[in-house]
Peer 1: 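One structure, as structure tokens, below. Some questions next.
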Amino acid sequence: MKARITVLPGDGIGVEVTTAAVDVLQKVASRYGHEFEFNEALIGGIAIDKTGTALPDETLRQAEQSDAILLGAVGGYKWDNPSAPVRPEQGLLKIRKHFGLFANLRPVKTYPALAQYSPLRLDLLDGVDMLFVRELTGGIYFGSRQEQGDGDSAYDTELYTVPEVERIAHIAFRAAQGRRKKVSSVDKANVLASMRLWRKTVTKVHEDYADVQLDHVLVDSCAMHLITRPASFDVLVASNMFGDILSDEASVFAGSLGMLPSASLGAERIGLYEPVHGSAPDIAGQGKANPTGAILSAAMLLRYSLSLEAEAKAVEAAVEGVLDGGARTADISARGSSYLSTSEFAQAVKDKI
Ligand code: NAD
């Protein structure tokens, strides 16, 4: 197949890890007979320096003409001024909004070869393989907010509509059909009216998915069960805020932030794929970045925007294969032992595909 992919390296290690992920996609194209066209564009701090805005119109124009967007990371010391009117992360928020990307998918998996780098006991980590489906464009982060009086009180509102919950629930159930067929819907229905609507709506959508098991879990109990029995979860679907908090809690299972991919999806085929980590200015330009999160994001791109499931699985198996074979980047190697550079690790993954 032919596909156009917009590549937004951004700042810091974003540049190194997207180079690695594009290399891997190029290998997939040649191995499976596809034609991928890559177009680079600006986002983040580098875009501010060159154009004065974190997301130039030219970037959006290019992205609109593509099937998928692969992003590195944005930000860095140079732009780290919270009161600056133009900031790198504005680029991220704007591009998500522009394409209506309402679903954020974050898989978290433990690799046996890396279990020692997780703070959890090894026996708890066996078989951990979960997918967070977080609602990304609604809820309390987008509700009305106000400070009152002399600033001695303030409120934020959590508002969800039935269509907003329906569309995220459909994404979760469909994802579960391709996995272990279990959805845990996270809410706080015992206290919040918005969460009672969430539970009622997810229950209704479930009627279309008889092959998938649905559990409702209260967010506080979910936070505990993620630590005490992480392997029991398959797909978790959650509101914007609960998904934000719980997916960060679960990220430690993978052993390093550098391991984790993500996809942001909307109603159209186009999606935005990016590693969970930031631009890591402390290690940028040194070949120390772990490109796994970016490479696995590329695998998600193959799966969700290009419907190339076999190719996605081949990339995931190659990553697992090189880790099992002992390949390590700096963040996942024992102190004092040798490790592969970002590009050497990517080469090892390419060789396995
Ligand atoms: P960070 O994720 O960049 O780094 C946190 C720590 O993890 C650092 O010690 C870093 O070296 C390490 N790390 C991160 N990714 C790694 C990788 N792939 N391989 C090896 N080690 C890795 O978070 P931070 O330090 O809080 O933020 C740095 C900058 O990134 C800030 O400007 C922040 O605003 C930005 N940021 C961007 C995004 C994004 O683009 N989505 C997300 C988070 C932070």
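Predicted, not measured: the structure shown is a model, and the values here were computed from it. Positions are given from 1, in the same order as the sequence printed here. Note that ligands are numbered from 1 as they come in the structure, with each ligand's atoms numbered from 1 the same way.
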Peer 1: Considering non-hydrogen atoms of the protein only, which is the closest contact for atom 19 (N) of ligand 1, and what is the distance?
Peer 2: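 Atom 19 (N) of ligand 1 sits closest to the protein heavy atom Asn290 N, 2.8 Å.
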Peer 1: Give the single entry among Ile332, Leu92, Ile283 that approaches atom 41 (N) of ligand 1 most closely by any heavy atom.
Peer 2: Leu92
Peer 1: In Å and rounded to the nearest 0.5 Å, what is the CD to NE2 distance from Gln26 to His34?
Peer 2: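 Here the rounded value is 14.0 Å.
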Peer 1: Quick one, Asp11 with Lys78, criterion salt bridge (Lys or Arg N to Asp or Glu O under 4.0 Å). Give me CA distance, side-chain angles, the key distance, then yes/no.
Peer 2: CA-CA 11 Å; Asp11 308 310; Lys78 187 175 171 188; over 6 Å; no
Peer 1: What protein heavy atom sits nearest atom 14 (C) of ligand 1, and how far off is it?
Peer 2: His277 CB, 3.7 Å
Peer 1: Using modelled atom types and a 3.5 Å cut-off, is there a donor and acceptor pairing between side-chain atoms of Ser66 and backbone atoms of Ala63?
Peer 2: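 Yes.
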Peer 1: Side chain or backbone of Thr292 under 4.0 Å from ligand 1, or both, or neither, by non-hydrogen atoms?
Peer 2: neither
Peer 1: Can you list the ligand 1 atoms lying under 4.0 Å from a non-hydrogen atom of Glu274?
Peer 2: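 Counting from 1, the qualifying ligand atoms are 41 (N).
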Peer 1: Does a donor on one side chain and an acceptor on the other come within less than 3.5 Å for Asn39 and Arg4?
Peer 2: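 There is no such pair between these side chains.
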Peer 1: Is it the case that over 12 heavy atoms from other parts of the model lie below 6.0 angstrom from the CD atom of Glu268?
Peer 2: no
Peer 1: Considering only protein heavy atoms, determine whether one is less than 4.0 Å from atom 6 (C) of ligand 1.
Peer 2: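 Within 4.0 Å: no protein heavy atom nearby.
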Peer 1: Please work out, at 4.0 Å between heavy atoms, whether the side chain, the backbone, both, or neither of Glu89 comes within that distance of ligand 1.
Peer 2: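 Neither; no heavy atom under 4.0 Å.
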Peer 1: Using a strict 4.0 Å threshold on nitrogen-to-oxygen distance, state whether Asp351 and Lys27 make a salt bridge.
Peer 2: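 Salt bridge: no.
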Peer 1: With atoms numbered from 1 as shown, which atoms in ligand 1 lie under 4.0 angstrom from a non-hydrogen atom of Ala73?
Peer 2: 40 (O)
Peer 1: Taking only heavy atoms of Ala280, which atoms of ligand 1 are found under 4.0 Å from at least one of them?
Peer 2: 3 (O), 10 (C), 11 (O), 14 (C)
Peer 1: Identify, for atom 28 (C) of ligand 1, the protein heavy atom at the shortest distance, and state residue, atom and that distance.
Peer 2: Pro281 CD, 3.5 Å
Peer 1: For ligand 1, which atoms, with element, lie under 4.0 Å from some heavy atom of Ala289?
Peer 2: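 Reading through ligand 1 atom by atom, the close ones are 19 (N).
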Peer 1: Among all protein heavy atoms in this structure, tell me which lies nearest to atom 40 (O) of ligand 1, with the distance rounded to 0.1 Å.
Peer 2: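 Nearest protein contact, heavy atoms only, for atom 40 (O) of ligand 1 is Val74 N, 2.9 Å.
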Peer 1: Measure from atom 9 (O) of ligand 1 to the protein's non-hydrogen atoms and state whether any distance is below 4.0 Å.
Peer 2: yes
Peer 1: Which atoms of ligand 1 sit under 4.0 Å from any heavy atom of Ile13?
Peer 2: 15 (N), 16 (C), 17 (C), 18 (N)
Peer 1: Using distance alone, determine whether Asp282 and ligand 1 share an N or O pair under 3.5 Å.
Peer 2: yes
Peer 1: Would atom 30 (O) of ligand 1 count as contacted, meaning some protein heavy atom under 4.0 Å?
Peer 2: yes
Peer 1: Could you check whether Arg229 makes a cation-pi contact with Phe233, meaning its NZ or CZ is under 6.0 Å from the centre of the six-membered ring and within 45° of the ring axis?
Peer 2: yes
Peer 1: Counting only heavy atoms, which portion of Ser256 has something under 4.0 Å from ligand 1: side chain, backbone, both, or neither?
Peer 2: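 For Ser256, there is no contact with ligand 1 at all, from either part.
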Peer 1: Considering distance alone, does some N or O of Lys288 sit under 3.5 Å from an N or O of ligand 1?
Peer 2: no
Peer 1: To the nearest 0.5 Å, how far apart are OH in Tyr273 and CG in Leu70?
Peer 2: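 Going from the OH atom of Tyr273 to the CG atom of Leu70 covers 10.0 Å.
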Peer 1: Can you list the atoms of ligand 1 that are under 4.0 Å from a heavy atom of Gly75?
Peer 2: 32 (O)
Peer 1: With distance as the sole criterion, is a donor-acceptor pair present between the side chains of Tyr141 and Asp244 under 3.5 Å?
Peer 2: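 Short answer, yes.
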Peer 1: To the nearest 0.5 angstrom, please state how far the CZ atom of Phe173 sits from the OG atom of Ser185.
Peer 2: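 Here the interatomic distance stands at 7.0 Å.
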Peer 1: Closer than 4.0 Å to some heavy atom of Gly76 - which atoms of ligand 1 meet that?
Peer 2: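 Those atoms are 32 (O).
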Peer 1: Report the C-alpha separation of Glu274 and Arg96 in whole Å, then their side-chain angles, then the decisive distance to 0.1 Å, and conclude whether the salt bridge (Lys or Arg N to Asp or Glu O under 4.0 Å) test is met.
Peer 2: CA-CA 12 Å; Glu274 55 179 320; Arg96 285 178 189 149; 3.4 Å; yes
Peer 1: Which is closest to atom 2 (O) of ligand 1 in terms of heavy atoms, Gly72, Ala284, Gly278, Gly258?
Peer 2: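 Checking each option, the heavy atom nearest atom 2 (O) of ligand 1 is found in Gly278.
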Peer 1: Quick one: do Asp248 and Arg106 make a salt bridge, cutoff under 4.0 Å?
Peer 2: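 Looking at Asp248 and Arg106, the cut-off is met.
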Peer 1: Within the 3.5 Å criterion, strictly below it, is a donor on Asp67 or Ser305 matched to an acceptor on the partner's side chain?
Peer 2: no
Peer 1: Answer yes or no for atom 26 (O) of ligand 1: protein heavy atom present at a distance under 4.0 Å?
Peer 2: no
Peer 1: Would a 4.0 Å cut-off, counted as strictly less than, catch a protein heavy atom around atom 34 (O) of ligand 1?
Peer 2: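 No, because not a single protein heavy atom sits under 4.0 Å from atom 34 (O) of ligand 1.
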